[in-house]
Amino acid sequence: MVLKRVIPCLDVDAGRVVKGTNFVGLRDAGDPVELAERYDAEGADELIFLDITASHEKRETIVELARRTADNVFIPFTIGGGIRSVADAQAVLDAGADKVSVNSAALARPELLSELADHFGTQCVVIAIDAKRIATTGGSSPTCAAPPGWFGESDWGVYVNGGRKLIEGRDAVGWAKEAVERGAGEVLLTSMDRDGTNHGYDIPLTRAVADAVSVPVIASGGAGELAHLSEAITAGGADAVLCASIFHYGAFRVREAKERLAADGIPVRL
Amino acid sequence: MSSRIAILDYGMGNLRSVEKALEHVGATATISDDPTEVRAADGVILPGVGAFPRAMERIRERGLDELIAERRDAGVPILGICLGLQLLFESTTELGGAAGLGLLDGGVDELAADGLKVPHIGWSPVRWERRSRLVEGIDSETPFYFVHSFAPRPGADDLLGSAAYGARFACAAERDNVFGVQFHPEKSSAAGLRLLSNFAGVCASVPA
């Protein structure tokens, strides 16, 4: 049996946590490593760091982040943001990261996925997909006259740049399948429609991708209450749930989330 | 008492996380393939990620197979982690097969998994099959973090722990001063740190 996972996600800019510092008792609320230690102590199963640093020193900052995390945090962690090559991945994995997450770099050059899988194994490669609904199959959308299947095999488009740019000719389910065939060992699936809404994960999207691929799917975007986490796993078929704001702003503790999942009959590590 | 533990470096896998986890529990860790340094240590950890045959090649190239056997004979505690556990056994069927270090009886096979996807990745509860200094204070069925496609088949006397993934498989073994775990204690949070702390304690208890 593999237990279902709860994964806090930390957005990091130039080595500092970007949002969510509503914690008491932290010496330095902006330090991602200190926050990561806190989440580990509370029962987080894994951590994901998304680096959004725009500067030229990007590579150095994410390697330093991986190194400091590995020095202090003893659960698996993933680094995403700015991984564009085998060399980029090698640097953060050598520093102690367990996996790398790729998004726009894989869309620009899908071979990156197989290169990473060949070098490090599929277990190190996470494909991050930002998906957003763009059509209703059957043409019932009043704002879109596209026929069914126009965007591919699903109704969700693939976006980059924080949901601002649609990748033409890609749909989320088809891209997830292709990415897994190319070597991704896990799918981090973010609903751009739900992200930041607190209205719950996009269950139809999560279910569509979970049914289409053989690898674990991490549901992301929209968690506002603990019932949403259970729903993503039971109704959505997710293997893990990613949470950011509900933990960062102190609405819930990781421990509470795990206890709620257990109470709902979902096997978790307590 | 702080124990000195040598993490054997044969050029495969991430040794840094193991080193930092040992330091976290108060041990002194050295990543090395130097016989003098390894002989000075109270305990030896054989880590590893990757393919068994390639790992054995590199171990032999560096003469570490003989060094490991020598340390075993000297009574020094040895802990294999993940691939390092598998290497302690006699042989594997991975990639056409290869001979292992043979410190433990039995072979290594691909997980049966019973239709589940291999590799087995994630947190799975581990059942202790017997008492051991290595797992003292850690409840049976405590989850540990796994990333693997193969698992050993130890003799019944050496079986320390098991986990289920489709089928039940051996994930911890022990014979005298030789220990091995299929999971990653260095990535298994408090339970993993406790196991490493226990190992450091075993190392410290052996008279030099």
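Just so you know, these numbers use all the heavy atoms, side chains as well, and skip hydrogens, waters and symmetry mates. Residue numbers begin at 1 in each chain, while the letters A, B, ... track the order of the sequences.
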Is A/Arg16 paired with A/Asp31 through a side-chain N to carboxylate O contact shorter than 4.0 Å?
no
Keeping [X] on the side-chain end and [Y] on the backbone end, is there a donor-acceptor pair under 3.5 Å?
X        : Y        : result
A/Asp239 : A/Val217 : yes
B/Ser3   : B/Ala200 : yes
B/Tyr10  : B/Glu61  : no
B/Glu186 : B/Ala21  : no

Side chain to side chain contact (heavy atoms under 4.5 Å, CB included), that's the test. Do A/Arg5 and A/Leu3 meet it? Break it down for me.
CA-CA 6 Å; A/Arg5 293 165 286 156; A/Leu3 304 175; over 6 Å; no
Which class fits the ring pair A/Phe247 and A/Tyr39: parallel under 30°, tilted 30 to 60°, perpendicular over 60°?
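Tilted: the ring planes of A/Phe247 and A/Tyr39 meet at 30° to 60°.
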So, for A/Leu242 and A/Ser220, which heavy atoms are closest and what is the spacing to 0.1 Å?
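Minimum heavy-atom contact is CD2-OG, 3.5 Å.
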Of all heavy-atom pairs between A/Val254 and A/Ala44, which one has the smallest distance, and what is that distance?
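Heavy atoms of A/Val254 and A/Ala44 come nearest at CG1-N, 3.5 Å.
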Can A/Glu186 and A/Gln123 be counted as having a side-chain donor-acceptor contact under 3.5 angstrom?
no
Is there a donor-acceptor contact under 3.5 Å linking the side chains of B/Thr28 and B/Ser2?
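B/Thr28 vs B/Ser2: donor-acceptor pair found between side chains.
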Strictly less than 4.5 Å between heavy atoms, which residues of residues 114-142 of chain B line up against chain A? Please order them by number.
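If one takes a 4.5 Å heavy-atom cut-off, the residues of residues 114-142 of chain B near chain A are B/Lys117, B/His120, B/Ile121, B/Gly122, B/Trp123, B/Ser124, B/Pro125.
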Members of residues 49-60 of chain B whose heavy atoms come closer than 4.5 Å to chain A:
none
When you look at A/Leu112 and A/Arg182, which way does the side chain to side chain contact (heavy atoms under 4.5 Å, CB included) test go after all the steps?
CA-CA 9 Å; A/Leu112 175 62; A/Arg182 287 182 179 274; over 6 Å; no
So which residues of residues 81-97 of chain A are in contact with chain B at a heavy-atom cut-off of under 4.5 Å?
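At a heavy-atom separation under 4.5 Å, chain B is reached by A/Leu93, A/Asp94, A/Ala95, A/Gly96.
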Residues of residues 256-270 of chain A near chain B, each having a heavy atom less than 4.5 Å away
A/Arg269
Who among A/Asp40, A/Asp45, A/Asn72, A/Val73 has the most heavy-atom pairs with chain B under 4.5 Å?
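Ranked by heavy-atom pairs under 4.5 Å with chain B, first place is A/Asp45.
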Under a 4.5 Å heavy-atom cutoff, which of A/Pro76, A/Ala70, A/Gly121 has the most pairs with chain B?
A/Pro76
Just wondering, more than 12 heavy atoms not from B/Arg175 lying within 6.0 Å of its CZ?
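Yes, enclosed.
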Is B/Ser188 close to chain A through its backbone or its side chain, or both, or neither, when contacts mean heavy atoms under 4.5 Å?
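Contact with chain A is through the backbone of B/Ser188 alone.
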Counting only heavy atoms closer than 4.5 Å, note whether B/Tyr165 contacts chain A via side chain, backbone, both or neither.
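The answer is both parts of B/Tyr165.
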Step-by-step ring pair (Phe, Tyr, Trp, His ring centres under 6.0 Å) determination, B/Phe146 to B/Phe183:
CA-CA 5 Å; B/Phe146 289 83; B/Phe183 48 81; 5.7 Å; yes
Do the side chains of B/Ser32 and B/Asp9 get nearer than 4.5 Å, heavy atoms only?
no
Does the side chain of B/Ile7 come within less than 4.5 Å of B/Pro47's, by heavy atoms?
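SC-SC contact between B/Pro47 and B/Ile7 confirmed.
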For A/Lys99 and A/Val125, what are the C-alpha separation, side-chain angles and deciding distance, and is it a side chain to side chain contact (heavy atoms under 4.5 Å, CB included)?
CA-CA 6 Å; A/Lys99 312 178 203 179; A/Val125 185; over 6 Å; no
Name of the residue among A/Asp11, A/Val17, A/Ile79 meeting side chain to side chain contact (heavy atoms under 4.5 Å, CB included) with A/Phe49:
A/Ile79
Derivation of the side chain to side chain contact (heavy atoms under 4.5 Å, CB included) call for B/Asn177 and B/Val206
CA-CA 10 Å; B/Asn177 54 328; B/Val206 175; over 6 Å; no
Who among B/Glu23, B/Glu19, B/His24 has the most heavy-atom pairs with chain A under 4.5 Å?
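Most heavy-atom pairs under 4.5 Å with chain A: B/His24.
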